[in-house]
There are 2 protein chains.
Amino acid sequence: MAGSTLRDVARRAGVSIRTVSNVVNGSVPVSDELRVRVQAALDELDYRPNLVARNLRRGRSGMIALVVPELDVPYFAELAREVITAARTHGYVVMLDQTDGDGERERELLGRESRATMFDGLLLSPLSISADELRRRTNRVPVVLLGEHIFNGSFHHVAIDNVAAARDATEHLLGLGRRRIAAIGDQPYSTGETAQLRTTGYRQALERAGLTVDEQLIVPTPRFHRHLGAEAMERLLALPEPPDAVFCYNDLLAIGAMHTLARAGVRVPDDIAVVGVDGIQEGRYSSPSLTTVAPDKAAIARTAVSTLLGVIDGSAPAPTEAKAPHRLLVRQSTTGAPVD
Amino acid sequence: MAGSTLRDVARRAGVSIRTVSNVVNGSVPVSDELRVRVQAALDELDYRPNLVARNLRRGRSGMIALVVPELDVPYFAELAREVITAARTHGYVVMLDQTDGDGERERELLGRESRATMFDGLLLSPLSISADELRRRTNRVPVVLLGEHIFNGSFHHVAIDNVAAARDATEHLLGLGRRRIAAIGDQPYSTGETAQLRTTGYRQALERAGLTVDEQLIVPTPRFHRHLGAEAMERLLALPEPPDAVFCYNDLLAIGAMHTLARAGVRVPDDIAVVGVDGIQEGRYSSPSLTTVAPDKAAIARTAVSTLLGVIDGSAPAPTEAKAPHRLLVRQSTTGAPVD
DNA sequence: CCCACGCTTTGCAACGATGCAGAGATGATG
DNA sequence: CATCATCTCTGCATCGTTGCAAAGCGTGGG
């Protein structure tokens, strides 16, 4: 009942512990006669290997940790799903933790008393910890970073091309004839790299189209949540000359913005077109459905996991910069066409 | 670099391994002089305890697993967030896995080669595994079940009162004067207990109001996903006499249903009122915003975690049935009033 | 002056598994 | 028939930590 060990099984089958281990692992040949006897004992005692002990001996835990800011943000939930799936194909399981974007929590995670040592590696989607700090603290555990923040070449890193993604979104709006295009989600301070890259892409698209950027139309938000998108949209509507399109830095901001527009009786896309980033499922069924730039989350997850495992087994020590593909999904919020 | 051990630190400080251990753990008193010396060595070598070894010795891992069908289903993501938070207050971390509602995967999880032995306990939200099977397989690991499925008294179990929740939702619609109320999401087969309980509550409400149930208006769905809600709604609209309200067994079904209604030009709530269950964030910002019966997820998580820890430390061996509270959040999809 | 007591410190064993090297049995070969 | 290679099987050491019991040491009381 309380969990039988190799010893118990060995005693019962009248063989050595080592032989039982060989039967369990199947790596070393065992004679048919003994194998049958041992197998019977294994079944009778319902033996289950103690993985903690196995891990100690083997020096590997078969676990990686995925740390995201917030698990209830759909993008991270969907990404987590893909990471768990990708890890499983390599025989790994995933421990999940969330930092709430709290730098303290992120720091704690890498501190001395953390459980990080229990994992073979760490996938980290950092929000507020700085590059230096991260470098100082992660000299033990293999780390791969997800998303933009911190990538000055000292860490393995997987992300989409955020500048191109933002440019694609903005150019889509330009292609629809919109000329007064707002942007929601800039973060013009040290830890807002992702947002800043998207701002760059937004500016590039406008400039290439020969338009000047109206700084009033760039509304910063401290995070990427629905209610902040709603508030930002209110500010845009209050302008003397409101926009005819909005590029939101993620889908949640876009959904918040559309919420405000619906309440204000502004038609989407007729009066204002809306596009987001992330390609979350929620956007397929919103009213109107949301045009979005969707990162290939499965690709991000696969790349991140295999990179991390490469670091773990020492075959890929030099930091890599991997770019995952993204594509524009056109839906009602920009074209009005009820596509799915 | 490769991780120093107690041995390394002991050698450096010129004391025994045991003393270093005592300093690290702080449980046994150590003289000031030695403590300082050992601490210095700890710092110099940047010692981090090997948690795998510690776990082996202590027989506890400080980890629990949370297994849900799909992490990208918002309800589970939001619940997972709460579970992680609740576990953290007890010093536990959470490993997350998903089964995709696949019975095979659920079985595998409890099978001989599973990693379940690595965890002190298991929070399981089962979809398709049967009670018998579960009982046969979990004689090793402490388990607490989340949600309805399987609760014949042999397992610890935390859920809301699904009958009451469904009744509340239906009565809300009745209170608005609706009389032809449909239900989307029944699952009239062995593993659909949750759905069946909601059907029971739905029937109760109608019967108490003196109405007869029109079986045509109960549309089953194999899962609780947006597209199935959309399809179900199409079937209801095709009826000679469509409903004037719909009770959906979860918010995703409701959002799918509203998607169909929007495309068909049916007004919500004027023509058809819609109510869901789960209280996911998505429903606050949908257009129209979604009336829903919201389980207290934080309460579910807290109760589940503390129950599980009780089982683990042996203080709560007898299976308990815990009911978490729920409440109706009234929004536009039933009243038209733009409440947040 | 000796003994007992309390406090700190230590060595040994153990948690349950696997790597390694060698023991024993078996069969093939000269 | 002796020798050697081959194939199973086994015992021992080890992964890094903590529980346990006892050793060492200093102090105070009889």
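Each chain gets a letter, A, B and so on, in the order its sequence line appears, and its residues count up from 1.
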When the distance from CZ of R60(A) to C1' of dT18(C) is rounded to whole Å, what number comes out?
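Atom-to-atom, R60(A) to dT18(C), this comes out as 15 Å.
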Just call it for V30(B): base, sugar-phosphate, or nothing, with non-hydrogen atoms closer than 4.0 Å on any strand.
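Contact class for V30(B): sugar-phosphate only.
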Considering only side-chain heavy atoms of Y47(A), which listed nucleotide, dA17(C), dA14(C), dT10(C), is closest?
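Side chain of Y47(A) sits closest to dA17(C).
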Should R54(B) be listed as having a side-chain N or O under 4.0 Å from OP1 or OP2 of dT18(D)?
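Looking at the OP1 and OP2 atoms of dT18(D), one of them is under 4.0 Å from a side-chain N or O of R54(B).
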Testing the basics here: between L96(A) and A80(A), what is the closest heavy-atom pair and its distance to 0.1 Å?
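Smallest interatomic distance, heavy atoms only, reads CD1-CB, 4.2 Å.
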Between D8(B) (CG) and dT17(D) (C1'), how many Å, whole number?
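In whole Å, dT17(D) C1' lies 13 Å from D8(B) CG.
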Tell me which pairs pass salt bridge (charged side-chain N to carboxylate O under 4.0 Å, His left out) where either residue lies in residues 61-74 of chain A, with sequence neighbours left out.
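For residues 61-74 of chain A, and leaving out neighbouring residues, the salt bridge (charged side-chain N to carboxylate O under 4.0 Å, His left out) pairs sorted by first residue read E70(A)-R223(A), E70(A)-R81(B), D72(A)-R81(B).
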Between R37(B) (CZ) and dT8(C) (P), how many Å, whole number?
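Whole-Å distance recorded here is 16 Å.
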Do N50(A) and R54(A) have side-chain N/O donor and acceptor atoms under 3.5 Å apart?
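Distance-only check fails for N50(A) and R54(A).
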Beyond-backbone contact of H90(B) with V305(B), side-chain heavy atoms, under 4.5 angstrom
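Yes, their side chains come closer than 4.5 Å.
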To the nearest 10°, let me know how far the axis at one end of the helix from dC1(C)-dG30(D) to dG30(C)-dC1(D) is tilted from the axis at the other, five pairs an end.
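End-to-end axis angle: 70°.
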Distance check: side-chain N/O of S31(B) vs OP1/OP2 of dC7(C), anything under 4.0 Å?
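No, outside the criterion.
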For dT18(C) and N25(A) - does any side-chain N or O of the residue sit under 4.0 Å from the phosphate oxygens OP1/OP2?
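Result: yes.
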Considering every strand and a 4.0 Å limit on heavy-atom distances, what is the contact class for T5(A): base, sugar-phosphate, or nothing?
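Answer is sugar-phosphate: T5(A) comes under 4.0 Å of backbone atoms only.
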Between S61(B) and N55(B), does any side-chain donor sit less than 3.5 Å from a side-chain acceptor?
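Judged by distance alone, the side chains do not pair up.
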Can you tell me the distance, in whole Å, between the CG atom of D32(A) and the C1' atom of dC9(D)?
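To the nearest whole Å, that distance equals 15 Å.
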Hey, does V28(B) reach any base, or is it just sugar-phosphate, or nothing, if we go heavy atoms under 4.0 Å?
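Base contact - V28(B) has a heavy atom under 4.0 Å of at least one base atom.
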Look at the side chain of R57(A) against the base of dT18(C) and say whether a donor-acceptor pair falls under 3.5 Å; ignore hydrogens and angles.
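A donor-acceptor contact between them is present.
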Do any side-chain nitrogens or oxygens of S16(A) fall under 4.0 Å of OP1 or OP2 in dT10(D)?
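S16(A) to dT10(D) OP1/OP2: side-chain N or O found under 4.0 Å.
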Using whole Å, report how far CD of E33(A) lies from C1' of dA25(C).
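To the nearest whole Å, that distance equals 13 Å.
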Lys/Arg-Asp/Glu bridge criterion (N-O < 4.0 Å) met for D97(B), R88(A):
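Yes, this pair counts.
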Among dT18(C), dG16(C), dA13(C), the one nearest I17(A) by side-chain distance
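Closest of the options to the side chain of I17(A): dT18(C).
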To the nearest 0.5 Å, tell me how far M63(A) CE sits from L122(A) CG.
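Interatomic distance, M63(A) CE to L122(A) CG, rounded to 0.5 Å: 12.0 Å.
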Would you indicate, yes or no, if dT18(C) has its OP1 or OP2 atom less than 4.0 angstrom from a side-chain nitrogen or oxygen of S21(A)?
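For dT18(C), OP1/OP2 do have a side-chain N/O of S21(A) under 4.0 Å.
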Return the value, rounded to whole Å, for the distance between atom CZ of R11(B) and atom P of dT10(C).
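Those two atoms, CZ and P, are 15 Å apart.
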Starting from P on dC7(C), measure out to CG on N22(B) and report it in whole angstrom.
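Checked: the CG to P distance equals 15 Å.
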With D120(A), the side chain to side chain contact (heavy atoms under 4.5 Å, CB included) member among I312(A), V141(A), L309(A), L308(A):
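Looking at I312(A), V141(A), L309(A), L308(A), the match for D120(A) under the side chain to side chain contact (heavy atoms under 4.5 Å, CB included) is I312(A).
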Separation of N55(B) atom CG from dA17(C) atom P, in whole Å?
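After rounding, the reported distance stands at 15 Å.
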State whether R18(B) places a side-chain N or O below 4.0 Å from either non-bridging phosphate oxygen (OP1 or OP2) of dT9(C).
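Answer is no, no contact under 4.0 Å.
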